[in-house]
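As the structure is a prediction and not an experimental result, all values here were calculated from the model. Each ligand, and each atom within it, is numbered from 1 in the order the structure gives.
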Amino acid sequence: MKTALVTGGSRGIGRAICQELHKMGYRVLINYVSNDAAAQECLQSIEGDGELLKFDVSQPEAVQEAIGQWQQAHPEDYIEVLVNNAGIRKDSLLIWMEPEDWRKVLDTNLNAWYYTTRAVLQPMLLHKYGRVINVASLSGIKGLPGQTNYSAAKGGMIAATKALSQEVARKNVTVNAVAPGFIKTDMVEGLDEAALKKDIPAARFGEPKEVAAVVGFLASEAASYVTGEVISINGGLYT
Ligand code: NAP
């Protein structure tokens, strides 16, 4: 079985992506940081065809150690698909934003992209096949007030997607991003859905599986000539 790694795979959008990649025949490495019960649930939902990899994506040594140990234990295998999905938000107006909230959001959403992508890229290049899919956000395209930290991180991820795609295209490694709008997960808990959906042409929040379907396409061989792209999944909210 081929292997895919989904960071923040245990809940929300990441879980739906794990399920989609499992349907496509991948053995899925499910990364998460703290919620063991949710991670177990996710593993069960893919019939145990995977492995839990608990590490904090914002810690470079932890990322290197976890991925390095997995690779050592599976010398014949490599991570063919990487989905950089782990993310957090800590919203406030810039004027009130504490340095810690700026740093934490940049570390988890953007610096983590560098740590994980760099850790899996070389085997993809050696095997001349790979897929890197980055879960960005509408916030990284449009910028949303109250989210300067998150918009900066996701915007940075989009720029990095475009740059890396050009570095590795010759080796059949594609690098793309998806930019979800409002998707029903724990992350949007507390938002005023009734008010927000008035601005969404589709008049509803999206479902995690609607993001996972696009990620599945980008992970497939059918998407081999798509690279450096950002696909919005937002019910028409941003055009
Ligand atoms: P979620 O339901 O809050 O799930 C977050 C996942 O990330 C969990 O599996 C969590 O693990 C993991 N995680 C958080 N910090 C981590 C860390 N430091 N190291 C490793 N794993 C970590 O979030 P979601 O809504 O599914 O969001 C997934 C991605 O989509 C994020 O990048 C988010 O920015 C992006 N996005 C979401 C929306 C939306 O409306 N929901 C819109 C646009 C973009 P634990 O369970 O262990 O905490």
Pick from [options]: the one approaching [atom] most closely through a non-hydrogen atom:
atom: atom 44 (C) of ligand 1; options: Ala136, Gly8, Gly87; result: Ala136
atom: atom 40 (O) of ligand 1; options: Thr185, Ile183, Asp186; result: Ile183
atom: atom 31 (C) of ligand 1; options: Ile233, Asn85, Asp107; result: Asn85
atom: atom 14 (C) of ligand 1; options: Asp36, Leu191, Ile88; result: Ile88

Checking a contact table here: which protein heavy atom is nearest [atom], and how many Å away?
atom: atom 47 (O) of ligand 1; answer: Ser34 N, 2.6 Å
atom: atom 30 (O) of ligand 1; answer: Val135 CG1, 3.3 Å
atom: atom 21 (N) of ligand 1; answer: Asn31 OD1, 3.6 Å
atom: atom 38 (C) of ligand 1; answer: Gly181 O, 3.9 Å
atom: atom 23 (O) of ligand 1; answer: Met187 CB, 3.8 Å
atom: atom 36 (N) of ligand 1; answer: Tyr150 OH, 3.5 Å
atom: atom 43 (C) of ligand 1; answer: Pro180 O, 3.4 Å

Would you indicate whether the side-chain heavy atoms of [Y] and [X] approach each other to under 4.5 Å?
X: Val132; Y: Asn134; result: yes
X: Val57; Y: Val33; result: no
X: Leu218; Y: Thr174; result: no

Worksheet, complete the sentence: Residues at least two apart in sequence or cross-chain that pass salt bridge (Lys or Arg N to Asp or Glu O under 4.0 Å) with Glu167, listed by chain then number, are none

Worksheet item: What residue among Asn109, Thr161, Thr116, Thr7 forms side chain to side chain donor-acceptor pair (under 3.5 Å) with Asn84?
Response: Thr116

Could you list which atoms of ligand 1 come closer than 4.0 Å to a heavy atom of [X]?
X: Ile13; result: 26 (O), 30 (O), 37 (C)
X: Gly12; result: 2 (O), 26 (O)
X: Val188; result: 39 (C), 40 (O), 41 (N)

Worksheet, complete the sentence: Scanning both residues in full, the closest heavy-atom pair of Asn149 with Leu106 reads O-CD2, 3.5 Å

Worksheet item: What's the shortest heavy-atom distance between Thr185 and Gly12, and which atoms?
Response: CG2-CA, 3.8 Å

Worksheet entry | Qualifying ring-ring contact (aromatic ring centres under 6.0 Å, His included) pairs with a residue from residues 71-119, counting only residues at least two apart or across chains | Trp70-His74, Tyr78-His127

Does [X], backbone or side chain, put an N or O under 3.5 Å from an N or O of ligand 1?
X: Ala38; answer: no
X: Val33; answer: yes
X: Ser10; answer: yes
X: Arg11; answer: yes
X: Thr108; answer: no

If we set the cut-off at 4.0 Å for heavy atoms, which region of [X] has an atom near ligand 1: side chain, backbone, both, or neither?
X: Lys154; value: side chain
X: Val57; value: both
X: Asp56; value: both
X: Ala112; value: neither
X: Thr7; value: neither

Can a non-hydrogen atom of [X] be found less than 4.0 Å from any atom of ligand 1?
X: Ala179; answer: no
X: Arg15; answer: no
X: Phe205; answer: no

Discussion item. Taking atom NZ as the centre, does Lys54 end up with more than 12 heavy-atom neighbours from other residues, nucleotides or ligands that are less than 6.0 angstrom away?
Written reply: yes

Worksheet item: Any link between Val6 and Val173 through a network of hydrophobic side chains (Ile, Leu, Val, Met, Phe, Trp, Tyr) touching at under 4.5 Å?
Response: no

[atom1]/[X] to [atom2]/[Y] distance, rounded to the nearest 0.5 angstrom?
X: Cys18; Y: Asp49; atom1: SG; atom2: CG; result: 12.0 Å
X: Glu76; Y: Gln71; atom1: CD; atom2: CD; result: 10.0 Å
X: Arg131; Y: Leu82; atom1: CZ; atom2: CG; result: 13.0 Å

Item to complete: Return yes if some donor-acceptor pair links the side-chain N/O of Asn234 with the main-chain N/O of Pro180 below 3.5 Å, else return no.
Response: no

Fill in: Residues Tyr26 and Glu80: side-chain donor-acceptor under 3.5 angstrom
yes

